[in-house]
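Structure first, then comments.
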Amino acid sequence: MKLNKQDILTALKSITVPGEGENMVESGAVTNVVTFADEVIVDITIKNPSLQARKKTEVEILQTIHKEVYEKAKIKVNVKVDAPAQKPKNEIKGKPIPGIQNIVAVASGKGGVGKSTVTANLAVSLAKMGFKVGVLDADIYGPSVPIMFDVAEERPLSVNVDGKSKMKPVENYGVKILSIGFFTKPDQAVIWRGPMASKALNQMIFDAAWGELDFLLLDLPPGTGDIHLSIMQALPITGAVVVSTPQNVALADAKKGVAMFKQENINVPVLGIVENMAYFTPAELPENKYYIFGESGAKYLAEDLQVPFLGEVPLVQSIREAGDIGRPAALQTATPIEEAFEAITRDMVQQVVYRNEALPATEAIKITTMAGCSAVKKK
């Protein structure tokens, strides 16, 4: 029997494409029909990528042509999948920690730019604004947060929460703190490989009684390495703040830090860049600004990378002294330093608000190969 193309098309109009309302001919899913004697080839493109949808489409075409046109027809069905491109995610989802509303990672591409100082001052500024705040010192190999909060001699207590023993964070200036520095001696080096460091971090994250927090700040180690991946694998990070100084050497590494968070398989929203040690103003010349490390480098970097610029922190001796004695400089009331950190903190909070309004809640990443990672939903 010689098959007719129009008969084939008429028969196919009785079949609906999986997941769509129209029949496969009028929807344009059938892209080509070729007949030769009792043979017919049907080319069809569907949007549903599942194997079940492909098999269902093929079976329905075979059954319909055999029933409506010719029961002994020799049929070949070529099913092509053209799934619509997914919109890029700009968030990391995951199982949230009960009671913690926002988790902000404070990072830097290199060491020595004042990341921990910025973290400490952001924390106390948030606490002064009335927020409930915690700081997790994730810099396993160089924990400095206990010194900056004057709690280096303190030790977390064990408390019972729902029948489980948990670490109670040390608290000062209205900020809850956990650090590996609480569990090591001052002169003891932490010589751990990645898995051991990651295990210690997980314990401080999930075996801690953080309670209700509006913000948990993560003081990350410098660079873009294993600790960073472990943190993003374990936690639903709301966003990241990158700290840099103005000079080109620091900016080159800060750019890599931003690139890490923006990487397709990570996609942590970058809340903004902070320029630390932006300028020096002598006490005797309060109107003068000396740009020792360069002028506005981090600000220009933020513009180039199209991320918010949160503000600049001056190079002031009292900021260093305040960190050394364990009383963050943002606690110095009615000073330019307090104003600078409060302005940065307000902008960061505003960026968190924008992020939470514009983007859905987040996913953790799963390490799939030694070379990289992918985003998956945590169960």
Side-chain angles (χ1 to χ4, degrees), residues 1-96 229 232-238 259-269 355-379:
M1 177 180 176
K2 184 177 181 180
L3 299 176
N4 182 278
K5 178 178 179 178
Q6 192 57 47
D7 293 337
I8 301 295
L9 290 172
T10 301
L12 295 180
K13 286 182 180 180
S14 64
I15 307 174
T16 301
V17 182
E20 301 180 27
E22 293 182 285
N23 69 67
M24 59 178 54
V25 176
E26 293 178 350
S27 69
V30 176
T31 56
N32 194 28
V33 172
V34 178
T35 60
F36 180 77
D38 63 346
E39 298 178 8
V40 59
I41 299 174
V42 178
D43 295 332
I44 182 167
T45 301
I46 63 175
K47 295 179 181 178
N48 191 329
S50 70
L51 181 62
Q52 181 181 3
R54 296 179 63 169
K55 193 64 180 176
K56 181 175 183 292
T57 300
E58 182 179 359
V59 170
E60 286 187 343
I61 290 173
L62 293 173
Q63 291 177 342
T64 300
I65 294 176
H66 283 150
K67 180 180 178 182
E68 303 293 336
V69 183
Y70 181 48
E71 63 179 358
K72 295 183 180 180
K74 300 173 183 176
I75 308 166
K76 182 178 181 181
V77 180
N78 298 318
V79 181
K80 180 182 176 182
V81 176
D82 185 20
Q86 293 184 346
K87 292 182 180 179
K89 294 179 180 178
N90 197 24
E91 81 284 346
I92 300 250
K93 277 196 182 221
K95 186 177 180 181
L229 290 177
M232 290 182 285
Q233 186 181 9
L235 286 172
I237 298 177
T238 305
M260 174 187 71
F261 291 115
K262 284 189 167 186
Q263 186 173 313
E264 183 180 359
N265 290 331
I266 294 179
N267 285 316
V268 171
R355 176 257 179 274
N356 289 340
E357 288 177 349
L359 298 171
T362 57
E363 281 176 21
I365 61 171
K366 181 178 181 181
I367 308 303
T368 55
T369 68
M370 291 298 289
C373 51
S374 64
V376 296
K377 188 173 182 180
K378 288 193 76 176
K379 296 181 180 179

Legend entry - Which residues share a side chain to side chain donor-acceptor pair (under 3.5 Å) with Glu26, sequence neighbours left out: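 Residues passing side chain to side chain donor-acceptor pair (under 3.5 Å) with Glu26: Asn23.
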To the nearest 0.5 Å, tell me how far [X] [atom1] sits from [Y] [atom2].
| X | Y | atom1 | atom2 | answer |
| --- | --- | --- | --- | --- |
| Thr16 | Glu60 | OG1 | CD | 8.0 Å |
| Thr57 | Arg54 | OG1 | CZ | 9.5 Å |
| Thr35 | Gln6 | OG1 | CD | 11.0 Å |
| Asp38 | Lys72 | CG | NZ | 10.0 Å |
| Glu58 | Gln63 | CD | CD | 11.0 Å |

Inset, instruction - Could I get the full list of side-chain contact (heavy atoms from CB on, under 4.5 Å) partners for Lys76, not counting sequence neighbours? - result: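 side-chain contact (heavy atoms from CB on, under 4.5 Å) check on Lys76 returns Ile41, Asn78.
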Legend entry - Pairing residues for Thr31 by the side-chain contact (heavy atoms from CB on, under 4.5 Å) criterion, not counting sequence neighbours: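 With sequence neighbours excluded, Thr31 shows a side-chain contact (heavy atoms from CB on, under 4.5 Å) to Asp43, Thr45, given in chain and number order.
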Legend entry - Step-by-step side-chain contact (heavy atoms from CB on, under 4.5 Å) determination, Val42 to Ile65: CA-CA 11 Å; Val42 178; Ile65 294 176; 4.2 Å; yes
Please examine the side chains of [Y] and [X], heavy atoms only from C-beta on, and report whether any two atoms are closer than 4.5 Å.
| X | Y | result |
| --- | --- | --- |
| Asp82 | Ile46 | no |
| Val59 | Lys56 | no |
| His66 | Ile75 | yes |
| Ile61 | Ile15 | yes |

Inset, instruction - Compare every heavy atom of Ser14 with every heavy atom of Ala11, then report the nearest pair and how far apart it is. - result: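 Closest approach of Ala11 to Ser14: O-OG, 2.6 Å.
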